[in-house]
Amino acid sequence: MSTLSSKVSPVPPQTRRAVLVSIDWTRDKDPRIPLGHASIVAALRNAGIDVRALSFAINRPNFSEERILWSILECARGLESRNVDLGLGVYVWNDRVVKRLLGRLRQSGFEGRIFLGGPQISYAGAGLEQLYPEADGFVRGYGEEAMVALVATSERIQIPGVHWAGQVDVGLQAQAKLETLASPFLGNVIELSAEQRFIRWETQRGCPFRCSFCQHREAGSRLRRRDLPMARLEEEMELFVRSGVDDIAVLDPLFNLGDHALTVLRTFRRLGYRGRLSLQCHFSTMDDEFLQACEGLDVRLEFGLQTIHEKEARAVERVNHLEKVEEGIRKLHARGIPFEVSIIFGLPEQTLASFRQTLDFCLRRQVPVLKAFPLMLLRGTQLERERARWGLEENNAPIPSVVRSHTFDEQEWNRMEALAEALRRTEGSHPDCVEALEKRVAPAPDTSDWWSPAA
């Protein structure tokens, strides 16, 4: 258990049981328990609460909704189900599964309280009860302290950031005292071993930017950045070095902001860390002092450029200063620092031609890793609310993407998606211009003679 975490008043043993379920989109090397889920588990354990953590990967071939259902019911065995509190994180990729699961739980006789959190809840407006009629309460914002307060009582008490079904929804966000949060690493919620050498980690929360497509913000305002205490971070870093962790993806929405980031990098260097650090950065906040702090470390810097066109950037409140971008790329090449750039296709005001120009800008500057992602209309974002303004229409994929707008049709979107796929296939060996990339796009199948007996 983290020696830096303050103790919450313990809950009497066996009074209530918390069952936390994560249904995540994972990669093979990910830890069994995702970081956000693990942080809430650590907070509950630190408060003396009986908690069972369940984690399922929705993108694995053996994923089974039936298995989730019976795993939850098994965790409630031995207690009256009304003394079990179930918490689920709701994301764009699992929303449909969660809705089906809640109905089946109630049909199976589960009488415990159900609490929902995650981005699909945090950024939703009023009317959550209509979307999830089986749920008893909803947590907007950071879930650690809110879940501790919920499980600590069977009463419908007022808790900041918690909306009880059937009551007036004031839309508040739950906060967390970062200086007292329990560490999921120091508390062994995320266990480090010779088999688990990759982790996701955070050093701060919040983002100073206002991108209208992003959920790293509170509705209508910037999500204020706050740092986790360096004393806790240093203890975690020492643990990572001792445990042989050799690949760390830092989940901070924007890492390269001020002295905190410099201290983290310098501490890793002082401890002799030799593994990889993947850091999400922004060209506008990258200076020589930050680049110098990266020296001696195996860093991979990740930049979200999204577009080079001011009209598109203003439409999503993500304006880039191309002079800073070009200067940053030159400096990264000069220092030999590995980096990658991501862009988005399907943006408001975007056309197939303008997307090709953004691609070409990056390819001609020899961006070593370039990735293109489809635009998603995430719940509660400004862009989701403004979809009609831009004529944004989604497909029916499990994770819906924007495929039509006032400035491109679905056929043009398909051509953009084909270019994105060509980037995926050529990662690490990108061509030096968009024309060369287009030659690597797989041609559409020729169906002109589909009816011929010879076909």
Side-chain angles (χ1 to χ4, degrees), residues 18-42 51-77 86-105 107-108 110 114-121 132 134 143 184-185 188-202 215 245-251 276 278 280 302 340 342 369 371-374 376 378-379 394-401 417 420-421 423-425 427:
V19 179
L20 291 191
V21 177
S22 68
I23 305 173
D24 281 276
W25 195 283
T26 67
R27 295 188 296 177
D28 289 340
K29 64 180 184 178
D30 278 332
R32 183 179 59 84
I33 301 179
L35 179 60
H37 184 69
S39 186
I40 299 175
V41 172
V51 55
R52 310 295 167 90
L54 303 174
S55 185
F56 306 90
I58 196 171
N59 56 325
R60 297 286 175 85
N62 62 348
F63 177 76
S64 165
E65 294 181 29
E66 190 78 18
R67 182 181 167 215
I68 301 175
L69 173 68
W70 292 110
S71 295
I72 294 170
L73 296 175
E74 182 65 26
C75 285
R77 190 183 301 276
L86 173 64
L88 294 106
V90 190
Y91 297 82
V92 64
W93 58 77
N94 70 17
D95 197 282
R96 299 175 187 178
V97 170
V98 169
K99 288 175 179 175
R100 289 194 295 267
L101 178 64
L102 298 186
R104 293 197 61 195
L105 276 167
Q107 292 167 11
S108 300
F110 181 77
I114 296 175
F115 300 115
L116 303 181
Q120 294 291 89
I121 305 302
Y132 311 96
E134 298 85 4
F185 298 102
N188 293 318
V189 178
I190 297 178
E191 298 179 357
L192 305 179
S193 66
E195 292 74 33
Q196 187 57 60
R197 308 290 290 276
F198 168 79
I199 61 167
R200 301 185 188 276
W201 186 53
E202 62 177 349
Q215 289 180 326
V245 171
D246 59 13
D247 195 352
I248 301 174
V250 180
L251 299 185
R276 172 181 295 184
S278 298
Q280 299 183 73
E302 302 171 359
E340 69 177 55
S342 62
V369 178
K371 298 179 179 179
F373 298 100
M376 296 184 293
L378 300 177
R379 181 177 292 170
E394 299 167 288
N395 57 18
N396 292 317
I399 303 179
S401 301
E417 202 282 330
E421 176 59 29
L423 285 178
R424 287 190 284 271
R425 292 201 315 268
E427 185 172 324

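All values below come from the heavy atoms of this structure, side chains included, with hydrogens, waters and symmetry mates left out. Since the model is a prediction, treat every value here as computed from it, not as a measurement. All residue numbers refer to positions in the sequence shown, counting from 1.
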CA sep, side-chain torsions, deciding dist, call: T26, D24, side chain to side chain donor-acceptor pair (under 3.5 Å): CA-CA 6 Å; T26 67; D24 281 276; over 6 Å; no
Shortest non-hydrogen contact between D95 and R379, atoms and distance: OD2-NH2, 3.5 Å
Pairwise side-chain contact, Q120 with Y132, heavy-atom cut-off 4.5 Å (strictly under): yes
Nearest heavy atoms of P31 and F198, plus distance in Å: CG-O, 3.6 Å
OG-CH2 distance between S278 and W201, expressed to the nearest 0.5 angstrom: 13.0 Å
Verdict with supporting geometry, R424 and E417, salt bridge (Lys or Arg N to Asp or Glu O under 4.0 Å): CA-CA 11 Å; R424 287 190 284 271; E417 202 282 330; 3.0 Å; yes
Carboxylate-amine/guanidinium proximity below 4.0 Å for D246 and R276: no
From CG (L105) to CG (L73), nearest 0.5 Å: 6.0 Å
CA sep, side-chain torsions, deciding dist, call: L102, L88, side-chain contact (heavy atoms from CB on, under 4.5 Å): CA-CA 10 Å; L102 298 186; L88 294 106; 4.0 Å; yes
Q196 side chain near E191 side chain, heavy-atom distance below 4.5 Å: no
Non-hydrogen side-chain atoms of F63 and I68 separated by less than 4.5 Å: yes
Pairwise distance CG(N94) to CZ(F56) - rounded to 0.5 angstrom: 12.0 Å
Rounded distance [0.5 Å steps], OG in S39 versus CD1 in I33: 12.0 Å
Interatomic spacing from CG in N396 to OG in S401 - rounded to 0.5 Å: 11.0 Å
Flag, side chain of D30 to backbone of R27, donor-acceptor distance under 3.5 Å: yes
F110 and L86, any side-chain heavy atoms less than 4.5 Å apart: yes
Side-chain heavy atoms of L101 within contact of I72, under 4.5 Å: yes
Test item: E394 and M376 side chains (from C-beta on) under 4.5 Å apart, heavy atoms: no
Distance-minimising heavy-atom pair for H37 and A53: NE2-CB, 3.8 Å
Other residues, nucleotides, ligands: >12 heavy atoms within 6.0 Å of R100 CZ: yes
Taking every non-hydrogen atom, the tightest pair across N395 and I399: OD1-O, 4.5 Å
Carboxylate-amine/guanidinium proximity below 4.0 Å for K29 and D247: yes
Nearest atoms (heavy-atom pairs only) where I58 meets W25: CG2-CE3, 3.7 Å
R32, CZ atom: more than 12 neighbouring heavy atoms under 6.0 Å: no
Contact check, side chains of P119 and V92, non-hydrogen atoms, under 4.5 Å: no
Minimum-distance pair of heavy atoms, taken over all atoms of L251 and R200: CD1-CB, 3.8 Å
Non-hydrogen side-chain atoms of L35 and E202 separated by less than 4.5 Å: yes
Short N-O contact, R60 and D28, less than 4.0 angstrom: yes
Inter-residue atom distance L54.CG - C75.SG, 0.5 Å rounding: 4.5 Å
E134, E65, E66 screened by side chain to side chain donor-acceptor pair (under 3.5 Å) with R104, the one that passes: E66
